[in-house]
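Small disclaimer: the values here were computed from a predicted structure and weren't measured. Both backbone and side-chain heavy atoms feed into the values below; hydrogens, waters and symmetry mates do not. Numbering of ligands and ligand atoms starts at 1, following listing order.
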Amino acid sequence: MSVGGEAGGRFRDPRIHVWQLTHTVLVRCPACGGCALVLRDLDAADRVPELSSALSGRRRLRCRACGFGKDEFFSEFLFGGPVDPFFRLPLWLQAGCRGHVLWAYNVQHLDLLESWVAARLRERRAVPGSLSMLARLPAWVTSAKNRDDVLRAIHRMRASLPRS
Ligand SMILES: [Zn+2]
């Protein structure tokens with residue numbers, strides 16, 4: 001998915017909230033260590049997550065590499081670290097950077113991070129209330145002096161994606 005402007009140009013925050021990026025989460029399979037997916041239950045797939053409470057529901061953990069699968073109902077979520085908000089498994093997309101860990105739930109999340117960090121001009125409309133994922137990024141991610149290191153970490157994460 002391509003969002004916003006070209007790398008190095010201007011990029012407008014599409015104001016996607018972090019929970020809107022959890023439709024598919026790439027995690028490390030607890031059985032084989034490969035890349036597994038945490039998916040929304042099909043019954044909930046057509047539900048628009050207007051509110052974070054709409055996240056409640058069944059999630060499916062599926063590993064194509066070894067066939068491992070698990071379904072569970074969740075009403076509590078953990079956001080803000082390199083684990084999936086549901087099963088709390090380590091994210092597949094994570095990389096050390098400047099003494100921190102950069103992480104993403106999926107390719108869409110990675111694309112957003114890359115576009116934002118690479119952009120020379122970041123446009124953000126001031127909207128009261130809850131902040132978008134990009135607006136909540138810690139300063140070390142968006143600092144100009146860390147730009148090259150952060151982009152390298154993003155490229156390392158992209159290179160770790162399984163070929164499909
Ligand atoms: Zn597996």
Backbone of W140 reached by a side-chain donor or acceptor of N146 within 3.5 Å: yes

Whether H23 side chain and R40 backbone form a donor-acceptor pair below 3.5 Å: no

Worked check of side chain to side chain contact (heavy atoms under 4.5 Å, CB included) between Q108 and L21: CA-CA 7 Å; Q108 181 191 6; L21 295 163; 3.6 Å; yes

Protein N, O or S within less than 2.8 Å of the Zn ion (ligand 1), waters excluded: C29 SG, C32 SG, C63 SG, C66 SG

Within 45° cone and under 6.0 Å: R122 NZ/CZ vs F11 ring: no

With E123 via salt bridge (Lys or Arg N to Asp or Glu O under 4.0 Å) - residues at least two apart: R10, R12

Note: D71-R62 ion pair, threshold 4.0 Å (strictly below): yes

